[in-house]
Amino acid sequence: MDGLFVATPSPALVEMVGAAGYDVAILDAEHALVSPDTLQEMIRAAEVAGIAPWVRVPEHDPGFVLRVLDAGATGVVIPHVRCRADVEEVVRAARYAPAGMRSLNSGRMVGYGRVDLATHVATANARVTVVAMIEDAEALDVIDEIVATPGLDVVLEGAADLSQSLGVPWRTRHPRVRRAVEQVHAACERHGVRFCAIPRVPADVHRWRARGVRDLVHGEERSLAVRAFRSHLSGNHGHDRDFRSHDDVIAAAVAAPGPVCLYSYDLRALQEHVRTVVDALPPRCRMFYAVKANADERVVAALDGIVAGFEVASGGELRVVGDAAPDAAVLLGGPVPTDDELAAAVAAGVTRVHVESLLGLHRLSDAARARHTTVDVLLRVNLAGPFPAAQIAMAGRPTQFGIDETDLPAAVAAATTLPGIRLAGFHLHSLSNNLDPATHLAMLGHYRDVVLGWEERFGVRAEVVNVGGGIGVDYAALDTPFDWPAFCRGLEELLTTFPAHWREVDFECGRFLVARCGVYAAEVLDVKHTHGHAYALLRGGTHHFRLPASWQHSHPFHVVPVDTWPAGRPRPEVTGEEVTICGELCTPKDTLARAPVDRLRAGDVVVFDAAGAYGWDISHHEFLRHPHPQRVFLGP
């Protein structure tokens, strides 16, 4: 159910809400001055528009409930429900005996006598929806009693009024308010009652839908007046067609006006893959998603509840996770967070902070003391190695990452004495995109040895050892993925050599989790030969998909042939030879792939596989100011 509060006393506006595609209009008689005659006409307008008219009544007044139902309302929204009796009173007024004591008359609801009263009574109770709004802290103490009230159909959260009741006025995203809304949702789950959420930002929509909540009220029409209602609703859903596959998305784009240029992300496949990855991990191991790989709020929302939490490396990523997965565990890293970012992390209650310098420890200490709290810290260390060969090295050589081992004594001393921080363990992320399970296990064995040595040397005990990510995707051989099951079997054996007081061994994977969920598709605008070599030029390029240029590889792709072509235009093509796939930018570095093709024509679509990680997020979007690609998410 997609609903909208309507506070403006206008029947025409109710018709517009129905025309925009909403399912329910909640006519607000609590906060708006609306006359009985106008309310009657608004209910009629809803009926004409094919939208269910619910009325938010101004108080628990049985007489008012009776009058709006007799006027044709199909639902009653009860504000400020504080106890079970508040619901029981409205249920009695809303339903005929034996479910209630609603008074019966021969007015509008029975066509002024055309419908037999007995027939009306037999069906009317099932047509009325009773909705309780939880807007007061005192209701939380008896939430199970309220939710279990016979005759209650839906529970609607009211975070705005809840916030002031909880002492944080109008801070609807405050952790205290979020916990209260979660408490209401959990009670509904326990008792099998529909829970309705009020999303404040688009990420809330994706987060609730990913958790199976299908009843949403998308705010109030007055706050949305500057935008078209239809645009608002379709934007919250992410797209306006129920695409089932990347092929569907591309086919629709081919049929639409303009050249094809899009990303398509399959969130269902993503969830299935990540569940498989997480389920294979042995005990003590936890998988966090490295948000930098793909920071879209819909990706984060889809993974919420599957991964153990999220690793963020900036204040911006922290905000994305706060919106999309507000109750998830969060690890803050990054080579040099600012004072403001550290303060925001402390205020948000992040689980741990990975600190990479002595100065960083002092900055975090100041931020924690300002909030009168203590923050758990992992020291990220740049080990000497040696390490396996990999695409990118983070340690074992001079880089800007981590604390040099020679500086570790001072860092441990600070982490164990500075106020406001507590040393919880160590963070060791040394490479990126390793493709070999055996060498990765050997590296973890090396981590074990050095951390045990530090514990003995410094007299500390690590509770958590974070081994980073670095598990790769072989773009040259997508059919032979990293052997995760074999790695986990070896990991289970390796863990028997880890001390018992290491209660957590954390992974922070990004690319390995999300790369294969996305594709980047772009139409070939032209094909030509220069100096004996074939080039295909796309509507798109490295300003959308920078990964191939960044890693200097030829990205795997396949061709979707498009047979339609404007009459009278030449259609250049290349057959049976190597072609360089380029973008529309004014630089020879705008190259995405080089490979032989059977046939590639202007107007065909090139689809780059495994483009779900480090694609859009790392690209220089505004170079030459070309339009951004369409981005479609196949919902979970």
Side-chain angles (χ1 to χ4, degrees), residues 246 249-250 260-266 269-270 273 289-296 298-300 311 313-314 317 389-394 429 431-435 468-482 508-524 535-559 579-585 587-595 605-624 626 628-633:
H246 299 315
V249 174
I250 294 167
V260 176
C261 183
L262 62 87
Y263 273 97
S264 178
Y265 302 96
D266 189 340
L270 171 64
H273 168 61
Y289 171 55
V291 174
K292 63 180 69 66
N294 187 324
D296 190 275
R298 284 155 285 203
V299 171
V300 172
E311 184 265 334
S314 71
E317 289 185 351
Q391 192 82 20
I392 297 177
M394 308 285 192
H429 180 47
L431 50 81
S432 179
N433 211 44
N434 187 21
L435 303 173
I471 295 171
V473 173
D474 189 350
Y475 293 103
L478 289 177
D479 292 337
T480 56
F482 184 93
E508 296 172 356
C509 289
R511 181 192 324 273
F512 180 63
L513 299 184
V514 299
R516 295 171 185 269
C517 83
V519 300
Y520 173 58
E523 184 172 326
V524 178
Y535 292 87
L537 287 80
L538 305 179
R539 161 65 185 102
T542 58
H543 54 315
H544 299 164
F545 185 45
R546 184 170 169 262
L547 176 64
S550 174
W551 280 35
Q552 297 182 326
H553 73 238
S554 176
H555 202 86
F557 67 89
H558 65 274
V559 177
V579 62
T580 297
I581 310 292
C582 302
E584 57 193 339
L585 302 181
T587 169
K589 294 185 178 181
D590 187 18
T591 299
L592 284 73
R594 182 177 289 108
V605 175
V606 177
V607 181
F608 296 91
D609 302 303
Y614 298 109
W616 174 247
D617 294 77
I618 67 168
S619 302
H620 41 290
H621 304 153
E622 300 307 324
F623 184 47
L624 293 193
H626 282 295
H628 291 178
Q630 180 187 6
R631 299 174 72 217
V632 178
F633 294 81

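What you see below is based on every heavy atom in this structure, not just the backbone, and it leaves out hydrogens, waters and symmetry mates.
- Counting only distance, with no hydrogens or angles, the side chain of T587 and the backbone of K589 share a donor-acceptor pair below 3.5 Å.
- Closest heavy-atom contact between C517 and G612: SG-CA, 4.5 Å.
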Test side-chain contact (heavy atoms from CB on, under 4.5 Å) applied to I250 and V607, step by step: CA-CA 9 Å; I250 294 167; V607 181; 3.6 Å; yes
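- The line from CG of L513 to CG of L270 is 7.5 Å long, rounded to the nearest 0.5 Å.
- Not a single donor-acceptor pair under 3.5 Å links the side chain of N433 to the backbone N or O of G470.
- By the 4.5 Å heavy-atom criterion applied to side chains, S264 and L262 are counted as neighbours.
- Looking at D266 and H246, their side chains never bring a donor and an acceptor atom within 3.5 Å of each other.
- Residues satisfying the side chain to side chain contact (heavy atoms under 4.5 Å, CB included) test with P556, not counting sequence neighbours, are Y475, L478.
- With contacts defined as side-chain heavy-atom distances shorter than 4.5 Å, the pair F623/T542 does not qualify.
- Put simply, the side chain of V291 reaches to within 4.5 Å of the side chain of E317, judged on heavy atoms.
- The pair R631-D296 meets the salt-bridge criterion, with a side-chain N (NZ, NE, NH1 or NH2) lying under 4.0 Å from an Asp/Glu carboxylate O.
- In this structure the side chain of P481 reaches within 4.5 angstrom of the side chain of R516, judged on heavy atoms.
- In this structure, F545 and F608 have tilted ring planes: the angle between them lies in the 30° to 60° band.
- Counting heavy atoms from C-beta on, the side chains of H555 and V606 never come closer than 4.5 Å.
- Applying the salt bridge (charged side-chain N to carboxylate O under 4.0 Å, His left out) test to pairs two or more places apart or on separate chains, those with a residue in residues 536-546 are R539-E584.
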Test Y614 against K292 for side-chain contact (heavy atoms from CB on, under 4.5 Å), laying out the working first. CA-CA 8 Å; Y614 298 109; K292 63 180 69 66; 3.3 Å; yes
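- At distances below 3.5 Å, at least one donor-acceptor pair connects side-chain atoms of H429 with backbone N or O atoms of G469.
- In this structure the side chain of Y289 never reaches within 4.5 angstrom of the side chain of E311, judged on heavy atoms.
- Separation of atoms CD1 (I618) and CG (N294) is listed at 11.0 Å; rounding is to 0.5 Å.
- Using a 4.5 Å cut-off on side-chain heavy atoms (C-beta onward), R511 and I471 make no contact.
- A295 and D617 make their closest contact through N-OD2, 3.0 Å (heavy atoms, listed as atom of the first residue, atom of the second, distance).
- Side-chain contact annotation: R594 with S554, donor-acceptor N/O pair under 3.5 Å absent.
- In this structure, H620 and H543 have side chains that are in contact, with non-hydrogen atoms separated by less than 4.5 Å.
- Counting only distance, with no hydrogens or angles, the side chain of D590 and the backbone of G541 share no donor-acceptor pair below 3.5 Å.
- Shown here for C261 and G540, the closest heavy-atom pair between the two residues is SG-CA, 4.3 Å.
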Stepwise side-chain contact (heavy atoms from CB on, under 4.5 Å) check, Y265 with V519: CA-CA 7 Å; Y265 302 96; V519 300; over 6 Å; no
Are V632 and Q630 close enough, and set up right, to give a side-chain contact (heavy atoms from CB on, under 4.5 Å), and what steps lead you there? CA-CA 7 Å; V632 178; Q630 180 187 6; 3.3 Å; yes
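- Residues F482 and G472 approach most closely at CB-O, 3.9 Å, considering heavy atoms.
- Taking A536 as the reference, V524, V527, V579, I581, L600 meet the side chain to side chain contact (heavy atoms under 4.5 Å, CB included) condition, with sequence neighbours excluded.
- Not a single donor-acceptor pair under 3.5 Å links the side chain of E508 to the backbone N or O of G468.
- In this structure, the ring of Y263 has its center no less than 6.0 angstrom from the ring center of H544.
- Taking all atoms of both residues into account, the shortest heavy-atom contact from A595 to F557 is CB-CE2, 3.9 Å.
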